[in-house]
**Q** 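I'd like to ask some things about the structure below.
Along the sequence shown, residues carry numbers from 1. The figures here come from the full heavy-atom set of this structure, side chains too, leaving out hydrogens, waters and symmetry mates.
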Amino acid sequence: MDETQKDIGPTRRAVLEGGAATTLLLIAGLPVGRAAATGAAVAAPPATPTPTLPVLLNINSNNIAVELDPRTTLLDTLRNHLVLTGSKKGCDHGQCGACTVLVNGRRINACLTLAAMHEGDEITTIEGLAGEDELHPMQAAFIEHDGFQCGYCTPGQICSAVGMLREVREGWPSHASADVAAAPTNLTEAEIRERMSGNICRCAAYPNIVAAIRDAAERS
């Protein structure tokens, strides 16, 4: 290497390393000049503890007290804090229906609501549908008609179907209803498919799911 090459100045690598070090010092709030002069180490700021909130939930007819981060969803509370893992986490965006539970008899996506919002509500998960000695009629119908393959979506499908049949009995119309003023609605295959469209089965067991719901509806 000749003398002209030696005096060419700082290399690209040196510039990048120096810039990264300066950025780190600025983020940490430490004056660059003083830190360089004293050789002080950059310490991470102390972690702030996350505040928690005592929440009393009525789940499957049992009152359960739990201490939660106020931002905890109902789904994460069920699965991670109460070990009620029947409700599944699929998309975590309210689009697949795998996390469906019943709140005061209405079906909801547990991933889209905060647990702290449901003090005083009656929450029913797939674990709470069956009686002590027998399955819920919808559970029995899904087994009889093979309304599942991998089974991941099944808890949400069943809870959604139970809530859906209540909506039908109360006269709720759907986009498939021929007469929106009719009560109760004639539960055709088109009605079932429309009303259950928020619950996705990636195994495509839809014909058997529809058959199971129709069977359970006729028995109820």
Side-chain angles (χ1 to χ4, degrees), residues 57-62 64 66 68 72-115 118 121-169 172 174 176 187-220:
L57 299 172
N58 185 298
I59 301 175
N60 300 328
S61 301
N62 296 309
I64 303 174
V66 62
L68 297 171
T72 307
T73 66
L74 179 57
L75 177 60
D76 286 341
T77 300
L78 294 172
R79 291 183 57 82
N80 301 336
H81 294 266
L82 304 179
V83 200
L84 292 170
T85 55
S87 305
K88 304 304 183 188
K89 178 175 284 195
C91 66
D92 208 24
H93 287 80
Q95 297 177 349
C96 72
C99 67
T100 304
V101 299
L102 301 172
V103 175
N104 299 328
R106 306 294 188 199
R107 50 182 173 160
I108 69 166
N109 292 321
C111 72
L112 293 184
T113 186
L114 301 178
H118 294 288
D121 291 337
E122 295 181 3
I123 302 166
T124 304
T125 70
I126 189 67
E127 292 90 347
L129 281 182
E132 293 184 2
D133 301 320
E134 60 182 358
L135 294 174
H136 187 280
M138 189 64 71
Q139 293 173 310
F142 265 69
I143 293 174
E144 183 176 345
H145 291 273
D146 292 328
F148 49 86
Q149 289 187 36
C150 78
Y152 195 85
C153 74
T154 306
Q157 296 274 3
I158 291 175
C159 285
S160 185
V162 171
M164 183 268 287
L165 291 186
R166 175 174 174 171
E167 294 166 7
V168 172
R169 289 193 297 269
W172 291 27
S174 79
L187 197 61
T188 63
E189 179 175 329
E191 282 283 352
I192 294 174
R193 288 181 176 274
E194 169 63 25
R195 292 169 184 269
M196 292 293 294
S197 60
N199 290 81
I200 296 173
C201 173
R202 301 192 186 279
C203 300
Y206 297 115
N208 295 0
I209 291 172
V210 172
I213 294 173
R214 292 192 73 171
D215 190 7
E218 292 170 359
R219 295 183 185 185
S220 62

**Q** F148 and T154: which non-hydrogen atoms are nearest, and at how many Å?
**A**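 Result for this residue pair: CB-OG1, 3.1 Å.
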**Q** So which heavy atom on W172 is nearest to which on R195, and how close?
**A**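 For W172 and R195, the tightest heavy-atom pair comes out as O-NH2, 2.5 Å.
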**Q** Taking T100 for the side chain and G97 for the main chain, is one N or O donor matched with an acceptor at less than 3.5 Å?
**A**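 At least one qualifying donor-acceptor pair exists.
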**Q** For G90 and C96, work out which heavy atoms get closest and say how close.
**A**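 Smallest heavy-atom distance, with atoms named: CA-SG, 3.8 Å.
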**Q** Between Q139 and H136 (side chain of the first, backbone of the second, donor and acceptor by atom type, cut-off under 3.5 Å), is there such a pair?
**A**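 Present.
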**Q** Tell me whether N104 contacts the main-chain N or O of E122 through its side chain, where contact means a donor paired with an acceptor under 3.5 Å.
**A**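 Confirmed, N104 side chain pairs with E122 backbone.
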**Q** Going by atom types alone, do N60 and T125 pair a side-chain donor with an acceptor below 3.5 Å?
**A**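 A pair is found: one side chain offers a donor N or O, the other an acceptor, under 3.5 Å apart.
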**Q** Nearest 0.5 Å, please: how far is SG in C159 from CD1 in I126?
**A**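 Reported to 0.5 Å precision, the distance equals 4.5 Å.
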**Q** Please examine the side chains of I108 and H118, heavy atoms only from C-beta on, and report whether any two atoms are closer than 4.5 Å.
**A**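 SC-SC contact between H118 and I108 confirmed.
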**Q** Atom CZ of residue position R202 - does it have more than 12 heavy atoms of other residues, nucleotides or ligands inside 6.0 Å?
**A**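 Counting other residues, nucleotides and ligands, CZ of R202 stays at 12 neighbours or fewer.
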**Q** Start with the C-alpha distance between L114 and T72, add both sets of side-chain angles, then the distance that settles side-chain contact (heavy atoms from CB on, under 4.5 Å), and finish with yes or no.
**A** CA-CA 6 Å; L114 301 178; T72 307; over 6 Å; no
**Q** I would like to know whether L129 and M138 meet side-chain contact (heavy atoms from CB on, under 4.5 Å); could you show each step before the answer?
**A** CA-CA 9 Å; L129 281 182; M138 189 64 71; 5.9 Å; no
**Q** Between L68 and D76, is any pair of side-chain heavy atoms under 4.5 Å apart?
**A**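 No. Closest side-chain heavy atoms not under 4.5 Å.
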**Q** For the atom pair CG (L78) and CD1 (I123), what is the distance rounded to the nearest 0.5 Å?
**A**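 If we round to the nearest 0.5 Å, L78:CG and I123:CD1 are 7.0 Å apart.
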**Q** Between S87 and C99, which heavy-atom pair has the shortest distance, and what is it?
**A**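 Nearest pair, atom of S87 first, then C99: CB-O, 4.4 Å.
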**Q** Does the T77 side chain pair with the main chain of T73, one donor and one acceptor, at a distance under 3.5 Å?
**A**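 Present.
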**Q** Considering all heavy atoms of both residues, which atom of G94 and which atom of C111 are nearest to each other, and what is their separation?
**A**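 It is N-SG, 3.3 Å.
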**Q** Rounded at 0.5 Å granularity, tell me how far CD in E194 sits from OG1 in T188.
**A**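 Between E194 CD and T188 OG1, I get 10.5 Å after rounding to 0.5 Å.
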**Q** Taking all atoms of both residues into account, what is the closest heavy-atom pair of Q95 and I200, and its distance?
**A**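 Taking Q95 first and I200 second, the nearest heavy atoms are O-CD1, 3.4 Å.
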**Q** Okay, side chain of Y152, backbone of C201: is any donor-acceptor separation there less than 3.5 Å?
**A**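 No; judged by distance alone, with no hydrogens or angles, the pair does not exist.
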**Q** Can you measure from CD1 (I158) to CE (M164) and round to the nearest 0.5 angstrom?
**A**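 So the gap between those two atoms works out to 12.5 Å.
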**Q** Please list all pairs meeting side chain to side chain donor-acceptor pair (under 3.5 Å) that have one or both residues in residues 157-167, counting only residues at least two apart or in different chains.
**A**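 For residues 157-167: R107-S160, R107-E167, S160-N199, R166-E170.
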**Q** Between N109 and V101, is a side-chain contact (heavy atoms from CB on, under 4.5 Å) present by the stated rule, with each step listed?
**A** CA-CA 7 Å; N109 292 321; V101 299; over 6 Å; no
**Q** Quick one: pull up CZ in R79 and NE2 in H81 and give me the separation to the nearest 0.5 Å.
**A**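 Output value for this atom pair is 12.0 Å.
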**Q** Under 3.5 Å, which donor-acceptor pairs link side chains of residues 208-217 to any protein atom two or more places apart or in another chain?
**A**
| unit_1 | atom_1 | unit_2 | atom_2 | d |
| --- | --- | --- | --- | --- |
| N208 | ND2 | H145 | O | 3.4 |
| N208 | ND2 | D146 | O | 3.0 |
| D215 | OD1 | R219 | NE | 2.9 |
| D215 | OD2 | H145 | NE2 | 2.8 |
| D215 | OD2 | R219 | NH2 | 3.1 |

